[in-house]
Amino acid sequence: DMADRNLTPIIASHNLRELEDICDHVGLLHKGGILLSRELDDMKLNIHKLQCVLQPGMSAEDLVALDKLNVEQRGSLITLVVRGTREEVEAIMASYNPVFFECIPLSLEEIFISETEVAGYDIKKLLRENVKRRAWAIALAVLGFFFSLPINLALTMENAIKTKFWRYNDYEQLIFAEGISEAEKLAKILEIKTQIVLDSVKFGNGLIAFLMIVAAVVIGVSSFSYLHNRRKVDFYHSIPVRREILFAVQYVGGFLIVALAYLVNLGILMVVSCAYQVPLSSVLGTAMAGWLLNLLFFLLMYAVVSIAMI
């Protein structure tokens with residue numbers, strides 16, 4: 001009926017696999033403009049994936065006659081996405097006398113990724129969108145570390161002072177004998193205060209370990225829950241970014257949320273400890289070591305949750 005009326009249907013979709021099955025002319029939009037527009041068959045005939053093993057001493061950089069869009073190498077196997085007809089590509093490749101090569105047609109999704117990568121897809125935009133989507137996780141991480149580090153230290157320190165450091169003096173109130181100088185009293189109090197701060201920041205703090213486990217579960221689930229939703233999978237896989245990069249953005253983004261939230265609140269804790277006359281130099285090294293070791297523990301838990309989600 002549409003053909004009889006001389007009409008052309010236009011379909012806008014992120015599902016490239018679906019478009020490949022029903023369309024005969026395709027246009028790719030990128031950054032508000034048309035990146036390319038041509039017949040689907042012509043598009044497929046003029047861009048190919050090439051897998052090859054070159055002669056010893058040669059690299060992909062030596063294939064200067066090929067119009068390369070993308071190059072990847074795993075061991076001796078080089079995978080290229082190149083422009084040109086199959087005959088042209090095979091003739092050029094044969095002239096280099098490779099050990100092995102094979103020319104493979106690309107899907108529309110692979111063409112889309114290759115073309116937009118050459119045009120320069122804005123990875124920063126993807127990172128910004130990832131941060132916006134998980135703003136709730138950022139807020140939760142900041143609040144969790146805020147109450148677990150500086151607030152917990154302040155409450156612990158106030159309670160210790162009110163009980164005359166009973167818990168930190170073999171469960172006896174700190175009462176000085178007569179004849180003890182004021183300097184000795186202050187030194188003893190400072191020693192106990194320093195120990196309280198060190199207990200709060202060192203690796204092995206049960207509260208921080210528990211927080212890391214909870215963070216790994218929450219961040220891991222929020223990072224890869226889209227893999228269990230068909231619509232979200234189609235959307236994310238339609239973004240002109242290789243899936244390895246998309247995975248890396250999700251994974252690294254989750255790690256940075258926890259690492260930065262932890263580091264910021266660790267800085268606030270340092271300010272609180274200074275307010276209680278604890279020298280920064282006496283606790284900074286332990287605090288940074290605890291930060292690194294706790295993050296390694298988080299990465300282990302995060303990897304386990306991510307693998308479970310994938």
Side-chain angles (χ1 to χ4, degrees), residues 1-52 60 63-72 78-95 101-133 224-247 249-250:
D1 181 56
M2 295 191 71
D4 294 338
R5 297 169 61 184
N6 199 29
L7 298 175
T8 300
I10 298 177
I11 303 173
S13 174
H14 286 99
N15 193 330
L16 301 181
R17 288 171 290 183
E18 181 181 83
L19 294 179
E20 191 170 5
D21 293 335
I22 61 178
C23 295
D24 53 20
H25 190 102
V26 176
L28 302 182
L29 300 178
H30 182 62
K31 294 184 177 180
I34 298 177
L35 182 61
L36 58 88
S37 175
R38 66 183 70 149
E39 296 291 329
L40 183 58
D41 290 339
D42 291 342
M43 186 184 297
K44 288 187 173 183
L45 287 173
N46 283 280
I47 186 169
H48 295 84
K49 180 190 290 184
L50 190 65
Q51 292 184 327
C52 63
L63 306 177
V64 292
L66 291 173
D67 186 3
K68 299 183 289 289
L69 299 179
N70 182 267
V71 179
E72 292 181 0
I78 300 174
T79 302
L80 308 99
V81 177
V82 297
R83 286 198 182 100
T85 65
R86 186 185 186 93
E87 293 75 15
E88 292 172 345
V89 171
E90 289 182 343
I92 293 172
M93 197 65 219
S95 68
F101 80 92
E102 181 181 15
C103 200
I104 306 170
L106 290 173
S107 66
L108 181 59
E109 182 178 353
E110 290 174 316
I111 294 173
F112 187 28
I113 291 173
S114 297
E115 293 286 357
T116 48
E117 280 185 345
V118 172
Y121 187 80
D122 192 0
I123 298 296
K124 292 181 180 179
K125 181 179 179 182
L126 183 62
L127 286 168
R128 285 196 299 268
E129 290 301 320
N130 184 48
V131 169
K132 289 179 183 178
R133 185 173 62 84
F224 301 104
S225 60
Y226 74 90
L227 293 172
H228 302 274
N229 184 303
R230 179 62 183 273
R231 288 187 176 182
K232 289 183 178 180
V233 167
D234 288 340
F235 170 73
Y236 277 104
H237 286 179
S238 70
I239 296 174
V241 175
R242 295 191 179 278
R243 293 174 190 179
E244 297 87 347
I245 297 177
L246 183 60
F247 176 87
V249 167
Q250 298 287 346

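By convention here, the first residue in the shown sequence is residue 1.
In this structure, the side chains of N46 and T85 come closer than 4.5 Å at one or more pairs of heavy atoms. A 4.5 Å side-chain heavy-atom check between L63 and M93 finds at least one atom pair inside the cut-off.
Nearest approach of C103 to V89, heavy atoms of both residues: SG-CG1, 4.2 Å. The two residues L80 and C52 make their nearest non-hydrogen contact at CD1-SG, 3.8 Å.
Scanning for side-chain contact (heavy atoms from CB on, under 4.5 Å) contacts around A65 gives I92, Y96, with sequence neighbours left out. Residues passing the side-chain hydrogen bond (donor to acceptor under 3.5 Å, both in side chains) test with E90, sequence neighbours excluded: R86. Listed by chain and residue number, nothing satisfies the ring pair (Phe, Tyr, Trp, His ring centres under 6.0 Å) test with F101 (two or more places apart in sequence, or in another chain). Partners of E39 by salt bridge (Lys or Arg N to Asp or Glu O under 4.0 Å), not counting sequence neighbours: none found. The side-chain contact (heavy atoms from CB on, under 4.5 Å) search around I11 returns S13, L19, I22, C23, not counting sequence neighbours.
Rounded to the nearest 0.5 Å, atoms CD (E72) and CD (Q51) are 10.0 Å apart.
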